[in-house]
Asks: 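Take a look at this one; I'll ask things after.
Predicted model only: the values in this text are computed from it and were never measured.
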Amino acid sequence: MKFGVVTFPGSNCDEDAVHAVVDALGAEAVRLWHKDHDLKGADVIILPGGFSYGDHLRPGAIARFSPIMREVIDHARKGYPVLGICNGFQILCEAGVLPGTLLRNERLKFICRKVTLSVENADTLFTSQYERGQLLRIPIAHGDGRYTIDPEGLEKLHDRGQIVFRFADVNPNGAMDNIAGLVNEAGNVLGMMPHPERAVDPLLGSTDGLPLFQSLLARVGA
């Protein structure tokens with residue numbers, strides 16, 4: 001099983017993602033460049049955090065048109081797993097792969113801190129190694145993480161069990177319904193604002209992000 005980690009100009013969490021996959025998970029990772037037209041045999045694609053193209057226009061708006069995204073979108077439409085973390089979540093929303101959008105944080109400030117998440121759906125490719133209701137400590141680092149969607153869209157997320165993670169103690173950015181992460185209707189694409197790749201080693205203060213990668217290894221690898 002191989003993970004493909006995409007690097008855009010301005011990505012700053014791509015090496016963190018590679019570390020999580022290779023050093024913490026013990027799996028294979030291949031680096032993908034934003035101009036590539038080949039996913040190099042990757043089974044799971046990770047769109048990492050950062051500031052792709054300097055967040056010009058708005059986060060993810062330009063990265064959505066990168067050559068590699070044609071392949072990523074096709075990969076997702078075929079039912080293969082895609083994980084978008086922070087800026088990656090923003091890119092997936094801009095590309096229409098995930099519903100809704102990410103707006104500026106409610107207080108218009110960049111936030112970098114650990115938060116508590118609750119696992120809302122433990123029956124996905126990404127969360128089978130968690131339990132529903134489990135609380136996780138995972139860091140965030142973003143200025144545009146306020147998830148927003150229209151009322152009809154929010155109702156669909158509820159009805160279809162697409163909300164995967166919620167902010168549990170404090171909502172740091174004003175996200176609608178405390179949403180911190182969600183999957184597409186097919187369940188093979190996850191977007192989340194917190195950084196699980198930064199919570200895979202005790203030296204980093206938490207290993208609560210590791211089961212997410214272990215879930216992918218268990219379900220997709222099988």
Asks: Hydrophobic clustering (ILVMFWY, side-chain heavy atoms < 4.5 Å, transitive) - are I46 and V97 grouped together?
Replies: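 Not linked; separate clusters.
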Asks: Salt bridge check: are E185 and K156 linked by an N-O gap of less than 4.0 Å?
Replies: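 The answer is no: the pair does not qualify as a salt bridge.
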Asks: Same cluster for F126 and M192 if Ile/Leu/Val/Met/Phe/Trp/Tyr side chains link at under 4.5 Å?
Replies: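 Yes, same cluster.
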Asks: So with a 6.0 Å cut-off around CD of E155, is the heavy-atom count from everything else above 12?
Replies: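 Check fails, neighbour count at 12 or below.
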Asks: Are L190 and I85 connected, step by step, through hydrophobic side chains (Ile, Leu, Val, Met, Phe, Trp, Tyr) whose heavy atoms are closer than 4.5 Å?
Replies: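 Yes, same cluster.
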Asks: Would you say the side-chain atoms of R31 and T7 include a donor-acceptor pair closer than 3.5 Å?
Replies: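 Note: R31 and T7 side chains miss the donor-acceptor criterion.
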Asks: Would you sort out whether K78 and D74 count as a salt bridge (charged side-chain N to carboxylate O under 4.0 Å, His left out), showing the intermediate values?
Replies: CA-CA 6 Å; K78 290 177 179 177; D74 185 58; 3.1 Å; yes
Asks: Answer yes or no: is there an ion pair linking E106 with R146, defined by an N-O contact shorter than 4.0 Å?
Replies: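 No salt bridge links E106 with R146.
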Asks: Going by atom types alone, do Y53 and S66 pair a side-chain donor with an acceptor below 3.5 Å?
Replies: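 Yes, because at least one side-chain N or O of Y53 sits under 3.5 Å from a partner of the opposite role on S66.
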Asks: Could you check whether any side-chain N or O of Q90 sits under 3.5 Å from a backbone N or O of L102, counting only pairs where one atom can act as donor and the other as acceptor?
Replies: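 Not at all, since once roles are kept as given, no pair shorter than 3.5 Å links the two residues.
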Asks: If you draw a 6.0 Å radius around CG in D169, do more than 12 non-hydrogen atoms from other residues or ligands fall strictly inside?
Replies: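 Buried by this count: over 12 neighbours within 6.0 Å.
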Asks: Report whether I163 and Y147 are members of the same hydrophobic cluster (ILVMFWY, side-chain heavy atoms less than 4.5 Å apart, transitive linking).
Replies: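 Result: yes, single cluster for both.
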Asks: Does a salt bridge link R137 with D208, judged by any charged N lying under 4.0 Å from a carboxylate O?
Replies: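 The answer is no: the pair does not qualify as a salt bridge.
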Asks: Tell me, please, which residues at least two apart from D43 pass side chain to side chain donor-acceptor pair (under 3.5 Å).
Replies: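 Checked D43 against side chain to side chain donor-acceptor pair (under 3.5 Å); zero matches.
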Asks: Let me confirm one number: the CG-CD1 distance from L98 to I91, rounded to the nearest 0.5 Å.
Replies: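 Taking CG in L98 and CD1 in I91, the distance rounds to 11.5 Å.
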Asks: Step by step, would you call T127 with Q129 a side-chain hydrogen bond (donor to acceptor under 3.5 Å, both in side chains)?
Replies: CA-CA 5 Å; T127 56; Q129 301 299 303; over 6 Å; no
Asks: Less than 3.5 Å apart, any donor N or O on the side chain of H142 or N173 sitting next to an acceptor on the other?
Replies: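 Indeed, the side chains of H142 and N173 share at least one donor-acceptor pair under 3.5 Å.
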Asks: For the residue pair F165 and Y130, does the interplanar ring angle fall in the parallel (under 30°), tilted (30 to 60°) or perpendicular (over 60°) class?
Replies: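 Perpendicular: the ring planes of F165 and Y130 meet at over 60°.
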Asks: Can you measure from CD1 (I68) to NE2 (H75) and round to the nearest 0.5 angstrom?
Replies: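 With rounding to 0.5 Å, CD1 (I68) is 10.5 Å from NE2 (H75).
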Asks: Determine yes or no for a side-chain-to-main-chain donor-acceptor pair under 3.5 angstrom, with S11 supplying the side chain and F8 the backbone.
Replies: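 Here the side-chain-to-backbone pair exists.
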Asks: Is it possible for you to say whether V6 and V82 belong to one hydrophobic cluster, with membership spreading through side-chain heavy-atom contacts below 4.5 Å?
Replies: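 In one cluster with V6: V82, yes.
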